[in-house]
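Scroll down for the structure; my scribbles are underneath it.
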Protein chains: 2
Amino acid sequence: MQICISLAQLMSRGSKGLLRGSRRDGCPNPDTRPRGVERSVQHQKLATIEDVAALAGVSIATVSRAINEPTKVADATRRKVTEAVAKTGYTTNAMARSLRMRRSNMILILAPDVGDPNFSNILVGLETEASKRGYGVLIGNTQNDPTRETDYLRFISSNQADGLILFTGHLPYGFGQEGGEARLPAMVAVNEPVANADVPFVGVDNFEGSRVAAEHLISQGHRRIAFIGHSTSKAVNMLREQGYRAALQAARIEVDPRMILDGDGTTESGRAAAEHMFVRDVLPSAFLCVNDATALGVIISLNTRKYDLPRDFSIMGFDDISFASFVTPALTTMKQPRLKIGEKAMDLLLALLEGKPPKEPEVLLRAELIVRNSVSRPGYER
Amino acid sequence: MQICISLAQLMSRGSKGLLRGSRRDGCPNPDTRPRGVERSVQHQKLATIEDVAALAGVSIATVSRAINEPTKVADATRRKVTEAVAKTGYTTNAMARSLRMRRSNMILILAPDVGDPNFSNILVGLETEASKRGYGVLIGNTQNDPTRETDYLRFISSNQADGLILFTGHLPYGFGQEGGEARLPAMVAVNEPVANADVPFVGVDNFEGSRVAAEHLISQGHRRIAFIGHSTSKAVNMLREQGYRAALQAARIEVDPRMILDGDGTTESGRAAAEHMFVRDVLPSAFLCVNDATALGVIISLNTRKYDLPRDFSIMGFDDISFASFVTPALTTMKQPRLKIGEKAMDLLLALLEGKPPKEPEVLLRAELIVRNSVSRPGYER
DNA sequence: TGCATCTATGTAAACCTTTACATGATTCAT
DNA sequence: ATGAATCATGTAAAGGTTTACATAGATGCA
């Protein structure tokens with residue numbers, strides 16, 4: 001039995017869709033195939049543009065043009081080249097191309113922890129968009145280690161990556177100190193805006209989202225609403241707290257400082273904050289949490305105290321992480337459009353690379369209210 | 001105020017640790033610095049090996065050697081080169097190097113969904129190990145789309161990646177059909193072994209882990225133990241079921257086929273399976289689930305039916321995903337060493353790239369029993 | 001017909017390394 | 001003192017593209 005698909009051909013198949021016209025039907029009779037092809041497969045030595053040129057009877061420049069700027073080449077020639085490409089299984093060597101063009105079509109993504117589900121889902125969006133546009137995605141898991149952050153910049157400086165996506169909320173350690181003297185690489189921040197630097201940001205509208213969440217609670221009749229997760233260090237937390245305050249203000253509800261508790265966004269801190277409220281015995285009818293993880297902590301605390309949720313207390317989170325729908329009671333929350341955030345951020349970065357300056361310094365996407373079972377009208381109204 | 005750290009210098013800092021000896025202390029007086037440096041920064045044109053050679057007064061070959069094989073160069077010369085490198089802020093151009101050396105020091109990771117927390121945590125391990133060894137990590141999110149799988153192979157065929165990590169459980173679509181005629185790239189499978197192909201595998205020991213889990217239930221006195229998540233399609237499920245059977249057999253408990261239910265590993269399927277048991281009214285005292293997501297479904301079902309857990313039923317999962325500790329009752333489960341799996345898999349792949357054939361076809365890591373609150377002695381014993 | 005313009009292709013340089021081989025200096029053993 | 005061996009460095013080729021510029025033929029227009 002004669003098997004005709006060569007590895008190289010196989011690999012070149014989907015390649016950038018350049019060779020759309022190539023035949024995928026019958027195999028040429030083996031002994032009409034140029035000898036060079038078989039050797040190249042056996043010896044792991046891939047076909048080069050020269051092999052294609054020789055087979056097509058044109059110069060390498062023409063081959064290059066036929067592939068990259070098809071309109072600049074005569075129809076007949078283009079056909080010959082396309083055919084030769086198919087026969088040899090040629091794929092353009094990305095290294096040589098990058099060396100020559102001084103761009104790698106790669107994007108470096110710097111994140112503190114790719115394992116964080118909030119990050120990894122944005123990552124999917126980033127990757128999807130990049131791949132659609134012919135870019136590859138390189139990941140750097142910094143674990144908040146300054147050394148590693150700096151280290152990853154070698155991908156930029158060595159031309160291995162053209163642009164940078166930052167999850168970290170700050171420039172890589174030590175970066176940008178020279179006050180604009182040196183141009184920074186194309187960058188877009190995601191998840192957390194970069195402080196003290198002019199980096200375009202794509203993320204959820206935290207202020208607005210939190211406002212909508214608080215409004216939802218208010219619309220259910222709540223007036224004593226606690227906010228768990230105050231923290232001045234992160235923009236996310238600050239904005240969400242401000243949204244909460246705005247909603248209360250708009251409803252003419254005075255903001256009670258005893259209703260605003262600290263937290264660092266972890267489940268444990270949510271639990272601790274709820275416990276703290278019981279110790280002080282200043283109880284709200286609803287908890288608005290800075291994120292779902294915190295809300296989970298609150299729920300655990302309340303469940304442990306044998307409260308009946310949501311009859312006794314209403315709880316809202318923010319993010320809509322996967323288990324929000326599984327916890328009891330299922331959590332009413334604001335859904336972050338993570339996929340869209342990733343796609344939009346990558347879109348912006350690629351536009352930047354093509355020399356288009358961003359129209360606005362930040363793109364804010366709406367969070368969506370997801371109503372589940374953790375909110376009801378407050379007990380004293382029933 | 002004079003700021004002396006140039007962007008290029010900054011970027012070259014951590015770079016592969018080659019220039020360990022370079023000074024990081026006082027800045028040279030600005031006007032003793034060669035003019036070229038400033039220009040190169042301004043014009044975004046990075047220093048090349050030639051610039052370094054000129055400054056150090058040696059040939060480019062010597063510079064290359066001083067950087068890559070320091071022992072082959074005289075001490076004095078090495079010092080001169082190191083100094084010139086520091087002054088120019090030289091970083092070796094990865095593209096040129098890769099082109100010449102025909103290796104990119106990049107690894108391509110193919111995963112169906114990077115957003116899956118099970119995957120993303122292995123990913124962290126992969127990345128950590130790769131980075132430690134000077135490799136970069138390229139991700140391909142295939143979404144189980146055959147076209148995308150094939151498409152990503154261009155990274156291999158174009159020399160942009162040297163090796164491949166497969167999360168997918170199968171070779172990229174259409175790959176390897178030519179029956180060994182063409183050599184496949186260096187590959188290691190993770191999470192799910194590759195069927196019908198000789199690809200080294202690194203993962204958790206599912207059989208043994210599941211056996212330990214079942215043993216744990218048996219040791220608590222359970223004899224009617226259901227297994228939720230039977231499925232012949234995936235190796236993971238098969239092995240976990242076999243571990244369950246082995247434990248029962250060893251304890252001389254007959255395996256009741258009515259106690260083995262289908263499931264596809266989702267929370268919904270776990271819920272459905274539990275419901276199914278109640279409809280048929282063939283009840284176990286404990287549920288051993290193929291994974292935590294399934295176990296969560298079972299718990300939801302039982303909670304909804306107002307059972308008191310774990311008094312009425314014991315539940316065990318497998319994986320130890322993040323919320324396992326937050327659900328009520330907190331889930332007793334087998335913890336997958338995800339980080340370690342990633343690290344080990346990458347280690348194996350890099351060894352493979354260095355020409356060392358793997359000693360064994362698969363590396364199995366032990367799962368760890370995590371005891372929480374979802375298991376107690378069965379009710380009829382109390 | 002003659003000249004300008006356009007189109008299709010080819011030539012060769014540039015992108016920046018690594019490394020086989022050559023060279024010359026130094027050391028060592030005889 | 002001589003030849004061999006070792007060491008440090010330099011020369012130049014090779015790796016595979018893209019593209020500015022040159023060339024030659026075709027086309028258009030007066």
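Just so we're on the same page: letters track the sequence lines, and every chain starts at 1.
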Rounding to a whole Å, what distance do you find between [X]:[atom1] and [N]:[atom2]?
X	N	atom1	atom2	value
B:Ile60	C:dC16	CD1	P	12 Å
A:Ile49	C:dG10	CD1	C1'	13 Å
A:Arg102	C:dA13	CZ	C1'	13 Å
A:Glu50	D:dG16	CD	P	9 Å

Would you mind classifying the nucleic acid contact of [X] as base, sugar-phosphate or nothing, using non-hydrogen atoms under 4.0 angstrom?
X	result
A:Thr48	sugar-phosphate
A:Ser98	nothing
B:Ser64	base
A:Ala61	base

So does B:Arg100 reach the base of C:dT18 with its side chain, donor to acceptor, closer than 3.5 Å?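 Pair found.
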Whether over 12 other heavy atoms sit under 6.0 Å from A:Lys344 NZ: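 No, the 6.0 Å shell around NZ holds no more than 12 heavy atoms from other groups.
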Check whether any side-chain N or O of A:Thr62 sits under 4.0 Å from OP1 or OP2 of C:dA8, and answer yes or no.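 For C:dA8, neither OP1 nor OP2 has a side-chain N or O of A:Thr62 closer than 4.0 Å.
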Presence of B:Asn68 side-chain N/O under 4.0 Å of C:dT18 phosphate oxygens OP1/OP2: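 Answer is yes, contact under 4.0 Å.
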Taking atom types as modelled, find out whether [X] and [Y] have a side-chain donor-acceptor pair closer than 3.5 angstrom.
X	Y	answer
B:Thr48	B:Glu50	no
A:Asp162	A:Ser104	yes
A:Asn93	B:Arg102	no

Hey, is A:Glu127 close enough to B:Arg148 for a salt bridge, meaning N to O under 4.0 Å?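 Salt bridge between A:Glu127 and B:Arg148, a charged N being under 4.0 Å from a carboxylate O: yes.
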CG of A:Leu353 to CG of A:Leu164: how many Å apart, nearest 0.5 Å?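 These two atoms lie 10.5 Å from each other.
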Return the 5'-most residue of the pair B:Arg65, A:Val73 with respect to DNA chain C, ranking by each residue's nearest nucleotide.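 On the 5' side of the pair lies A:Val73.
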Grab the two heavy atoms, one from A:Ile60 and one from A:Ile49, that are nearest each other, plus how far apart they are.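 Nearest pair, atom of A:Ile60 first, then A:Ile49: O-CD1, 3.6 Å.
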What bend angle does the helix from C:dT1-D:dA30 to C:dT30-D:dA1 show across its length, from five-pair end axes and to the nearest 10 degrees?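 Angle reported: 40°, given to the nearest ten degrees.
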